[in-house]
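Heads up, the thing below is written out as structure tokens.
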Amino acid sequence: QVQLVESGGGLVQAGGSLRLSCAPSGRTFIRYSMGWFRQAPGKEREFVAAITYNGGFTYYADSVKGRFTISRDNSKNTVTVYLQMNSLKPEDTAVYYCAAGNFGMALTADANEYTSWGQGTQVTVSS
């Protein structure tokens, strides 16, 4: 049962930008911390960014710090999470997944701690 739905992926040239979105399907995650992960072909899933339920704290992987920005909109009694990706590099090519976890004000890069996932959206960066 899909509970999160990602959108916004696509093909972009190196140096370009994309904005990914993630919205719930069938339930609300307004009190959940949210994260983005990615998985490139032949590689393990890796952490990208996370944000607390109120948007007060964020956490980034070193590889995307300064280029990607995670944000969320809780204004409609549900949550939409965004990942603004700037200065994209070919090594950012991957399937990007949105995830939700009930951590309170904590954040984690451990994928095993997140309980709900989307099906992913493909991001391809050409050189």
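Since the model is a prediction, treat every value here as computed from it, not as a measurement.
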Pairwise distance CD(Gln119) to SG(Cys98) - rounded to 0.5 angstrom: 12.5 Å
What is the minimum heavy-atom distance between Val79 and Arg72, and which atoms define it? CG2-NH2, 3.2 Å
CE-OG1 distance between Met85 and Thr69, expressed to the nearest 0.5 angstrom: 11.0 Å
Using only atom types and a distance under 3.5 Å, with no angle test, would you say the side chain of Ser33 pairs donor to acceptor with the backbone of Leu107? no
Looking at every heavy atom in both Thr78 and Pro24, which two are closest together, and how far apart are they? OG1-CG, 3.1 Å
Value rounded to 0.5 Å, distance of OH in Tyr96 from OG1 in Thr121: 10.5 Å
Of the non-hydrogen atoms in Ala106 and Thr52, which two are nearest, and what is the gap between them? O-CG2, 4.2 Å
Please tell me if the side chains of Leu4 and Met34 come closer than 4.5 Å, counting only heavy atoms from C-beta onward. yes
Taking only Lys NZ, Arg NE, NH1 and NH2, and the carboxylate oxygens of Asp or Glu, determine whether Lys89 and Asp92 approach each other closer than 4.0 Å. no
Can Gln3 and Ser116 be counted as having a side-chain donor-acceptor contact under 3.5 angstrom? yes
For the student: nearest non-hydrogen atoms of Val95 and Gln122, plus distance: CG2-OE1, 3.2 Å
Tyr59, OH atom: more than 12 neighbouring heavy atoms under 6.0 Å: no
Same cluster or not: are Phe37 and Phe57 linked, directly or through other Ile, Leu, Val, Met, Phe, Trp or Tyr residues, by side-chain heavy atoms under 4.5 angstrom apart? yes
Taking Tyr60 for its side chain and Ile70 for its backbone only, find out whether a donor-acceptor pair lies under 3.5 Å. yes
Would you say Val81 and Phe29 make side-chain contact, with heavy atoms under 4.5 Å? no
Do Asp110 and Thr108 pair up side chain to side chain, a donor and an acceptor below 3.5 Å, judged on atom types alone? no
With side chains defined as the heavy atoms from C-beta onward, is the minimum distance between Asn74 and Tyr53 less than 4.5 Å? no
Would Ile30 and Trp36 show up in the same hydrophobic cluster when neighbours are defined by side-chain heavy atoms closer than 4.5 Å? no
With Arg19 as the cation and Tyr82 as the aromatic partner, state whether NZ or CZ is under 6.0 Å from the six-membered ring centre and within 45° of the axis. yes
Which heavy atom in Ser87 sits nearest to a heavy atom in Ser17, and how many Å separate them? N-OG, 4.4 Å
If I take atom SG from residue Cys22 and atom CD from residue Glu6, how far apart are they, to the nearest 0.5 angstrom? 5.5 Å
May I ask you to test the Leu88-Phe68 pair for a side-chain heavy-atom distance under 4.5 Å? yes
I need the Arg38 CZ to Phe47 CZ distance, nearest 0.5 Å. 11.0 Å
If you look at every heavy atom in Thr93 and Ala40, which pair is closest and at what distance? O-CB, 3.6 Å
